[in-house]
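Report on the structure given below.
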Amino acid sequence: MYEVNEPRIIHEVIEGNAVVIDGERGLYYALNPVGTFLFSALAAGASPDDVVEALAEGGGSRGWDAREAVPRFLGELLRQEILRPAREASRTHDLKPPAGGEAPTLTCFEDLQELLLIDPIHQVDISEGWPVERND
Amino acid sequence: MGIPASYRFGAHHPLKAGHLRMLKAIVCGGEEGKRAFSEWEAGVEFDEIDYLAQLLAPALYVAAGEAGYDGPLRPRLKSLYTFFFTKTSLLLSAVAPVLEDLRRQGVDAVLLKGAGVSAALRMPPGRRPMHDLDLLVAETEGSRALDILSACGFHSVRATEAQRLYWSPHGHDCENGRGHRIDLHIAALYEHVGPGFDDGLRARTVTGSFLGAAARIPCPEDQLLLACVNGVRAPLVFEETYPDNLLWILDAAGLIRGAAIDWGLFVATAEARGVSYNVRYALRYLQSVDAGLVPTGVMERLRDNLDYGSFYVERALRVHTRYHRRRQAIERRNARSGNRDFSLRRIWDRHRIKRLDESFISCLLSFPGYLKLVWGLGHFWQLPGHALRRLMKKMEERKCTRSTNRASSTR
């Protein structure tokens, strides 16, 4: 089982997409809805098998293989030190995957200090919001 | 010497319409909140909102989401929410090791202000932006706590003890070089510094949760008192005409709604600390946002005039010290000459006013760098030559002016 690497990692789900901050390395991660589901479920104590099962039961048409994507995504979360093996066992029972959706992704924005120089009102793409900069 | 109108006691500066609508939309809820939000949305020029409004945006984003709002400003509010979440998270991860070290070494630290309220109300980091972490330690433990902070990379920003006493007599402002700050308080309030003044607050502390660990926080009554007094310091103590932050109103409203406030204890503490007038002043802001926040009878039990004791003397001294006279004199000179004046005296004035909180020597030492920048020179060694050329040019101009004057008088 796994847990969030706190207090180094601080995270929050904003409108269905998790935002993860690695304060020590100054990294910002944005997760898509399926990535957010996997991250939340794994951080709450679900096993990778539970998650694969929940995705299979959740239905919806997916153009990707959960049995391949879940271990790969978990590996990425562990490699980035966002999750770590849990010190205490906990178990979640309520796994509700999003219907359909793209394969889980973890987008990393490097150098947070640089990102924080982007004005969240005037310099960002209005539909995407901070930290996605406006193109012009 | 008369006191300017904005310094006069009792001069209450009402909240600006835009701020008031945002605060009502967040605090009031229901129909009144929705109405305030609609009015704000209709009247706001989002590209122009000031920093105080930007700080309120995350809470407004949450309140609007709870009310089911899905209009055009939602992504813009979300952008600010994400920004402040990130900024606050970075601060929190920088201060987490310090809290851990203080705990491990047995220093009894109490979380104050934003951190204390976040811990009490269990707010996510994005909801309550924080610029620094406020910690209260006993005065006797101050130097030990400073050593621990120093070992974690947080050093005092004041070069001398005199500067610290001038700027923050109630604590030490520390920074880690990456812009993260910890205000290490040895007294909870700027207005109330002295031995034993925080004994009551410390005895009444409760346990909250902060960064996944248990943390000591003041009881709701003390948190409310601190929010009120800190919130109105700018208009009451300094020469500001408006609160320098409005988050305290959200904190106060959250505390009142989230806990059963013992108003008797609250009033008695305010009186005992000599900040009864400040609290009354602050509660007027709360009432203007939501009249229901302050129960009937509370205002009447608080002083409606300031006791002209140490607070008045301290404030009068602070406002009219040499610092302010000097600052005003320099500002007047700068206003007269304008920013295009590159004479040595004016450049020095501009440099000095930026660094008035530094010692004269430190200011003098950094002056060549500033001068090089203003004169647009590539190297320090060019300074004497450039200064000499300017001096000769000036003497030449004076000579020309004198001969012109002589010629015109002869004519």
Side-chain angles (χ1 to χ4, degrees), chain A residues 3-31 36 40 43-44 80-84 86-88 90 107-134, chain B residues 44-51 53-55 57-58 61-62 64-65 69-70 72-100 103 118 123-131 176-180 209-213 215:
Chain A
E3 65 182 7
V4 177
N5 189 5
E6 284 178 326
R8 172 177 151 185
I9 298 292
I10 296 179
H11 59 95
E12 196 170 324
V13 178
I14 304 171
E15 292 187 12
N17 295 290
V19 172
V20 177
I21 308 293
D22 182 340
E24 200 172 294
R25 292 194 294 168
L27 300 173
Y28 175 103
Y29 299 94
L31 280 71
T36 301
S40 305
Q80 297 291 339
E81 297 175 23
I82 294 171
L83 293 185
R84 65 183 173 205
R87 291 168 191 161
E88 288 171 23
S90 63
T107 311
C108 177
F109 292 81
E110 290 179 355
D111 200 349
L112 257 178
Q113 295 298 341
E114 280 285 314
L115 283 185
L116 287 170
L117 295 177
I118 300 172
D119 178 342
I121 295 180
H122 305 101
Q123 291 180 317
V124 294
D125 181 303
I126 289 183
S127 59
E128 294 284 331
W130 191 87
V132 181
E133 248 182 308
R134 206 163 54 191
Chain B
V44 71
E45 199 57 66
F46 203 88
D47 282 342
E48 306 294 329
I49 64 170
D50 60 23
Y51 191 61
Q54 288 178 31
L55 288 172
Y61 168 70
V62 174
Y69 170 73
D70 199 18
L73 291 184
R74 187 178 168 94
R76 307 204 73 182
L77 289 170
K78 182 189 162 197
S79 180
L80 280 165
Y81 184 94
T82 317
F83 176 77
F84 283 115
F85 161 73
T86 306
K87 218 171 167 181
T88 309
S89 298
L90 272 182
L91 168 74
L92 296 182
S93 45
V95 300
V98 180
L99 290 175
E100 180 58 35
R103 215 173 359 247
S118 292
M123 280 196 280
R127 171 77 194 259
R128 176 47 168 96
M130 273 185 259
H131 296 100
N176 69 348
R178 286 187 291 148
H180 303 130
S209 170
F210 192 69
L211 292 173

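A, B, ... follow the sequence lines: proteins, then strands. Residue 1 opens every chain. What's counted below: heavy atoms across the whole structure, side chains too, no hydrogens, waters or symmetry copies. A quick note: this is a predicted structure, and the numbers were derived from the prediction, not measured.
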Take A:Trp130 and B:Leu80 through the test side-chain contact (heavy atoms from CB on, under 4.5 Å) and record every step on the way to the result.
-> CA-CA 7 Å; A:Trp130 191 87; B:Leu80 280 165; over 6 Å; no
Evaluation steps, side-chain contact (heavy atoms from CB on, under 4.5 Å), between A:Glu12 and B:Thr82 = CA-CA 9 Å; A:Glu12 196 170 324; B:Thr82 317; over 6 Å; no
Between A:Glu6 and B:Leu211, is a side-chain contact (heavy atoms from CB on, under 4.5 Å) present by the stated rule, with each step listed?
-> CA-CA 8 Å; A:Glu6 284 178 326; B:Leu211 292 173; over 6 Å; no
Just do the side-chain contact (heavy atoms from CB on, under 4.5 Å) check on A:Leu116 and B:Leu90 with the steps written out, would you?
-> CA-CA 10 Å; A:Leu116 287 170; B:Leu90 272 182; 3.5 Å; yes
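Contact of A:Val124 with chain B is made through the side chain alone, with heavy-atom distances under 4.5 Å. For B:Phe83, the parts sitting under 4.5 Å from any heavy atom of chain A are the backbone and the side chain alike. Contacts between B:Gln54 and chain A at a heavy-atom distance below 4.5 Å involve the side chain alone, from C-beta outward. Looking at B:Lys78, only its side chain comes within 4.5 Å of chain A, counting heavy atoms on both sides. Looking at A:Ile118, only its backbone comes within 4.5 Å of chain B, counting heavy atoms on both sides.
Side-chain atoms of A:Glu15 and B:Tyr61 include a donor-acceptor pair closer than 3.5 Å.
Of the inter-residue distances, the one linking B:Ser89 atom OG with A:Asp22 atom CG reads 11.0 Å to the nearest 0.5 angstrom. Here the straight-line distance linking atom OG1 of B:Thr86 with atom CG of A:Leu112 works out to 6.5 Å at 0.5 Å rounding.
Ranked by non-hydrogen atom pairs under 4.5 Å with chain B, the options A:Ile126, A:Ile21, A:Ile121, A:Leu115 are led by A:Ile121. Residue with the most contacts toward chain A among B:Pro97, B:Pro124, B:Ala96, B:Ala57: B:Pro124 (heavy-atom pairs, distance under 4.5 Å).
The two residues B:Ser79 and A:Pro120 have their closest heavy-atom pair at OG-O, 2.9 Å. Shown here for A:Pro7 and B:Ser93, the closest heavy-atom pair between the two residues is O-CB, 4.0 Å.
Residue A:Gln113 places its CD atom among more than 12 non-hydrogen atoms of other residues, nucleotides or ligands, all under 6.0 Å distant.
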